[in-house]
Amino acid sequence: EVAIEFANVTKRYPDGTVAVDDLSLTIEDGTITVFVGPSGCGKTTSLRMINRMVEPTSGQVLLDGRDVCESDPPVLRRGIGYVIQNAGLFPHRTVLDNVATVPLLSGWGRSRARERAAELLATVGLPAELGDRYPAQLSGGQRQRVGVARALAADSPVLLMDEPFSAVDPIVREDLQDELLRLQSRLGKTIVFVTHDVDEAVRLGDKVAVLRTGGRLAQYGTPAEVLRN
Ligand code: ADP
Ligand code: ADP
C-alpha cells in the first residue's frame, strides 16, 4: 500500500534555486525510505514537502492519496512525527514535559499526558530519572532519543527524520540506529529518513532514494539494488 507519493514534484525557491527537480516516487506503507545524497541536493526540501513546511512549485505530494496542500498545515503536522538534528527540544521545559506537550496539545489531561510521555521515554531507552532534566543536561545521544520520543508522541503512522543522528559520535549513532530498527519492527511506521551518510542509508533503508546535486533522483531501490549500480 502506498503511503506517500511524489508526483513530478519540483521546488524552485524564490531566488531561482531549483532544490528538487521533477521528483516522482512512491513510498510504501510501513517501510523506512532513506533520502541520501550530498549536501544541497534537496533532501530536506523533499522531506519538508511531506508536512507542507515547504510547498512544491509544481507537482503534488500525496499522503494516503490526498494532496498535502489541501490539508490545513497545523492539522497535517500534528499527525506527522518530525525529528531533526539536535532534536529541536524546548530548552526551558524538562525532558518529560517536552514529550508530554504533544499529547497535551491533542487534548489529553495533564497527568495522562505525563504518563504517556514517561512510557515513550522508556520506549526509546531513556532512563526514567532523566525525565526531570532540561535538554542541555543530556548528552547528544540522549537528546536525540527524546526527539524520537516526542515524534512518536504524535502517534501517527508517518515519521519524518532529518539527519537525526548526524550530530552524535559514531558509537552512539550505531546504538540509535539499532534502536530505530527495533522500534520499527515493533511499530511498523512509515519512516522517511534523510542522511548524507551512505552507510547509514544502506543500514536503515528498506528503500534508498539517491538524489544528486540539482535535486534529481539518480536511483531508487533496495540498498542491494542501489549498491549494485
Ligand atoms: P539538503 O537537505 O540535501 O542539504 P536542501 O533541501 O536543504 O538540501 O537544499 C537544496 C537546495 O536548495 C540547496 O541549494 C539550498 O541552498 C537551497 N535552499 C534550501 N532552502 C532554501 C531557501 N529557503 N531559499 C533558497 N534556497 C534554498
Ligand atoms: P554522549 O557521548 O553519549 O553524547 P556525553 O559525553 O555528552 O555523552 O555525556 C555523558 C553523560 O554525561 C551523559 O549520561 C549525560 O547525561 C551526562 N551529561 C552531559 N552533559 C551534562 C550536563 N550539562 N549536566 C548533567 N549531565 C550531563
Side-chain angles (χ1 to χ4, degrees), residues 3-27 31-63 67-69 71 73-74 76-77 80-89 140 143-144 147-148 150-151 154 158-170 173 176-177 180 189-223 225-227 229:
I4 300 167
E5 180 174 7
F6 287 79
N8 302 104
V9 172
T10 292
K11 175 61 188 180
R12 184 181 295 106
Y13 283 108
D15 68 355
T17 305
V18 176
V20 174
D21 189 2
D22 197 27
L23 177 65
S24 292
L25 60 79
T26 57
I27 293 173
T31 61
I32 304 186
T33 296
V34 183
F35 284 83
V36 67
S39 175
C41 70
K43 304 182 295 293
T44 294
T45 300
S46 299
L47 195 74
R48 289 183 175 176
M49 286 192 284
I50 298 170
N51 67 1
R52 213 183 157 184
M53 289 172 77
V54 173
E55 292 191 0
T57 310
S58 61
Q60 289 181 310
V61 179
L62 306 166
L63 183 66
D67 188 338
V68 296
C69 289
S71 299
L76 179 73
R77 282 173 214 150
I80 300 178
Y82 184 54
V83 191
I84 57 173
Q85 195 173 326
N86 300 319
L89 302 176
R143 269 198 293 276
Q144 289 311 122
V148 174
R150 195 172 63 177
V158 178
L159 200 54
L160 308 181
M161 308 186 83
D162 193 346
E163 302 261 9
F165 308 148
S166 296
V168 296
D169 68 67
R173 191 181 313 148
L176 290 167
Q177 289 167 348
L180 181 65
K189 304 242 174 210
T190 303
I191 297 179
V192 189
F193 191 104
V194 161
T195 181
H196 60 268
D197 178 350
V198 177
D199 293 335
E200 184 167 64
V202 165
R203 187 145 190 259
L204 293 179
D206 294 303
K207 290 281 188 66
V208 177
V210 182
L211 296 176
R212 58 166 184 252
T213 308
R216 294 194 71 98
L217 183 63
Q219 287 189 70
Y220 183 47
T222 62
E225 287 164 349
V226 165
L227 284 175
N229 296 308

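Here the structure is a predicted model, which is why all the values come from computation and not from measurement. Order of appearance sets the numbers: ligands from 1, and atoms from 1 within every ligand.
- Applying the side chain to side chain donor-acceptor pair (under 3.5 Å) rule to S58 yields no partners; only residues at least two apart in sequence or on another chain are considered.
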Distance dump, ligand 1 polar atoms to protein, N/O, under 3.5 Å:
unit_1	atom_1	unit_2	atom_2	d
ligand 1	2 (O)	T44	N	2.8
ligand 1	2 (O)	T44	OG1	2.9
ligand 1	3 (O)	G40	N	3.4
ligand 1	3 (O)	C41	N	3.1
ligand 1	3 (O)	G42	N	3.1
ligand 1	3 (O)	K43	N	3.0
ligand 1	3 (O)	K43	NZ	2.9
ligand 1	4 (O)	G40	N	2.7
ligand 1	6 (O)	T45	N	2.9
ligand 1	6 (O)	T45	OG1	2.6
ligand 1	8 (O)	G42	N	3.1

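- Annotation: the span from D197 atom CG to R173 atom CZ amounts to 6.0 Å, rounded to 0.5 Å.
- Considering CZ of F35 and CG of L23, their distance stands at 5.5 Å, rounded to 0.5 Å.
- A side-chain N or O of T17 and one of D15 form a donor-acceptor pair less than 3.5 Å apart.
- Side-chain atoms of R77 and M53, non-hydrogen and from C-beta on, do get closer than 4.5 Å to each other.
- By the 6.0 Å contact criterion, CZ on R203 is enclosed, its count of non-hydrogen atoms from other residues, nucleotides or ligands being greater than 12.
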